[in-house]
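Note that the coordinates shown come from a computational prediction; the quantities given were computed from them, not determined experimentally.
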Amino acid sequence: MRPILQLVLPASLSLGSALVGSALLGALACTNGQIGGEIGVDGDGEAAAEGCEERSRTALADDETTALGVSYATLADELRGAHTANLAWAATLRGASASGVSLTPAAGDSDITLDIQPIAGSGAWVDMAVESNDGAEGALIDGSECADELRLRAIVRVTSANGAFDDEFEVELRAASPDLVRGAIALEPGELEGTFAVSADAGRSAVQTTLDFGLVHGSVSGSISGFLESESEGAVSAGGVEYGHFPLEACADGVGYVVDPSSDFGERVLALLEGTRELTLDWRDGSETTAFHFDAQAAGPLCYGGLVGPSRLVVPMTASAQSDDGRVDGTWSLEGQVELDATGQPAHGTVLRQAWLASDYAVEDFVAATGIDGVAFDGESRATFSFSLDEDVGGPESGQLSVLATNSEPCMAEEVEPSEGDAGDPSGSPGCAGVDWSELVQATLAPAE
C-alpha cells in the first residue's frame, strides 16, 4: 500500500460559458489544510498566507453527529464500496504544456473504479480559518469564511480497465458539506503497480501528478492532472496538463463534480428544471397577457460546485418557448441552477439566461436568432435578452423575460496615460468602457390558471 502525499489543486468554480456562463459558483476557497505535501505550503510546512488552514482538530466518536448533520459512521456507510465511472484517457491532452507528451497506456476510453474502505476511528472535526502572515484572522477575498470540515481516512484501491491503475492508497477524505466528499491522491507516473507513465520531450518531467476526485450522493468524478517541469540555465518552469478525466462527459472547463442524472438524487435535482410548463406571459408595456409554453431539457452534464456558500448544481439546458400571440417562438440555450438545503436536498431551481454574460446580436438578426418579435428598435445596433424561471420544491413558478438593446460598440477603447514601471520604462494599456444596455421591454411569468 502506498501512503498518500495529499495534494489539493486550486480550481475555479465558474462554468466559464460564453453563452450562458454564470458566476454563481463563486471561487473555490478553503481547499488547503495543513497537510504535508499540499500545494500552498512553504518549505517549513506552514500554510500559505491569506489561505484557509487547519487551526485545530478534534477526534470524533464514530457515531458523533457533526455540525454537518452527519456522523463519521453515516458518511463512512455512504462511501464504503466500489464506485465506477467511464474514464477518458489521454484522448486529448489538455493544457498549454501538453504538446510533445505521450502516455502509457495508449489513449482511449476506459473505466476507473475507486474502492473505498473507511478506517474505523479515523473521524475528526477540523476547524478551518484564514490566517495572514502576522497571525491575524480575517476573511477570504470574496468576504466568506473558511468552512470547517469532517475528515476521515480510508484505504482506496484504484483500478482501471486499461491497466493504468492497479494501486492502493491511504487517503484523507474531507467534507465541508453533507453532499460532497473530496479526496486527492499523489501519483508517481512510472512508479505505480499500474502502467501509468509519462514521456515528455525537451527534458521535461512530470511533477505533482494528482488524482483528484469527489463523490456527490454516490456519483464519482474527477481528473488525473499535474505539471510538466523543465529547467533551463538555472530557471525552473512548469505548465499544467490533464492526462484523463472521469466520467467521459466532464463539466465545462473541467471544473465541478459530475452527478449521475439517472440516480435518485440526480432525478430530484432535474425535476426542478426539466419538463413542460404552461405559464402566462404579461408584457409590462401594456400588451395583453398571453399563454406561454415552455419546455426545458438538460443538454449536458449535471455538475456540483458548491464549496463556498450554498451548495449548488449547474447544468446546460435547451428550451423551446412559444407564446400564443406569436411574439415568442424560439429555441434557447440556457443554464439550470439548483440550490441545495442544509441537508443536501434540492430546494430551489432556476432556468436562466444572463444577458450581460450571453451572446448579443445585430438588431436585424435578433428575431431569427431568438424567436422574440414585436420589439421596436430605435437607433440601436445590437440586442440581447435575459430570462429566468424560478421554482421552489412544491411551490409555483415565477420569472421574467427582458429584451435589451444598445447603440454602443461591443468594447470602446479608452486612452490610458502611460505610467512609469518599476524599471523606469513607460507602460500602459487601453481600457474598455463596456456597453451601455437599456431595457426595451419586459414581461413577467406566472403559472397559468
Side-chain angles (χ1 to χ4, degrees), residues 2-14 16 27-54 89-105 107 130-134 140-141 158 164-165 167 169 171-172 182-213 222-245 253-255 421-425 427 429:
R2 297 175 183 272
I4 181 175
L5 177 63
Q6 175 148 339
L7 301 171
V8 179
L9 298 178
S12 166
L13 290 179
S14 170
L28 172 60
C30 301
T31 57
N32 289 335
Q34 198 169 358
I35 301 170
E38 287 189 351
I39 291 176
V41 298
D42 61 26
D44 296 325
E46 296 298 325
E50 306 303 335
C52 289
E53 66 172 355
E54 178 179 328
W89 181 256
T92 303
L93 287 175
R94 298 196 291 190
S97 61
S99 177
V101 177
S102 60
L103 296 189
T104 301
V130 178
E131 185 171 348
S132 61
N133 284 329
D134 60 7
L140 297 169
I141 294 175
V158 183
F165 303 104
D167 300 85
F169 307 88
V171 182
E172 181 168 66
R182 297 177 293 141
I185 302 172
L187 304 173
E188 296 180 27
E191 302 295 329
L192 301 171
E193 296 300 322
T195 61
F196 174 32
V198 179
S199 176
D201 58 9
R204 294 183 294 169
S205 58
V207 297
Q208 296 186 357
T209 306
T210 308
L211 191 160
D212 173 84
F213 63 94
S223 65
I224 302 96
S225 61
F227 295 87
L228 292 171
E229 183 181 80
S230 61
E231 183 174 355
S232 176
E233 298 180 354
V236 177
S237 61
V241 61
E242 181 193 271
Y243 303 114
H245 63 264
D253 294 336
V255 297
D422 293 338
D425 295 329
S427 62
S429 59

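When all heavy atoms of E242 and S223 are compared, the pair lying nearest together is OE1-CB, 4.0 Å. Closest non-hydrogen pair, G183 versus V171, comes out as CA-CG1, 4.5 Å. Shortest non-hydrogen contact noted between G226 and Y243 is N-CE1, 4.2 Å.
When the options V198, V158, I224, T210 are evaluated for a side chain to side chain contact (heavy atoms under 4.5 Å, CB included) with L187, the one that passes is I224.
Every residue meeting the side chain to side chain contact (heavy atoms under 4.5 Å, CB included) condition with T104, not counting sequence neighbours, appears here in chain and number order: T195, A197. In this structure S230 satisfies the side chain to side chain contact (heavy atoms under 4.5 Å, CB included) test together with R204, S237, sequence neighbours excluded. Judged as a ring-ring contact (aromatic ring centres under 6.0 Å, His included), and not counting sequence neighbours, the contacts of F165 are W89, F196.
Inter-residue side-chain proximity for T209 and F227 is flagged as unmet; no heavy-atom pair is nearer than 4.5 Å. By the 4.5 Å heavy-atom criterion applied to side chains, D201 and V101 are not counted as neighbours.
The main-chain N or O of E193 is found under 3.5 Å from a side-chain atom of D167 such that the two form a donor-acceptor pair.
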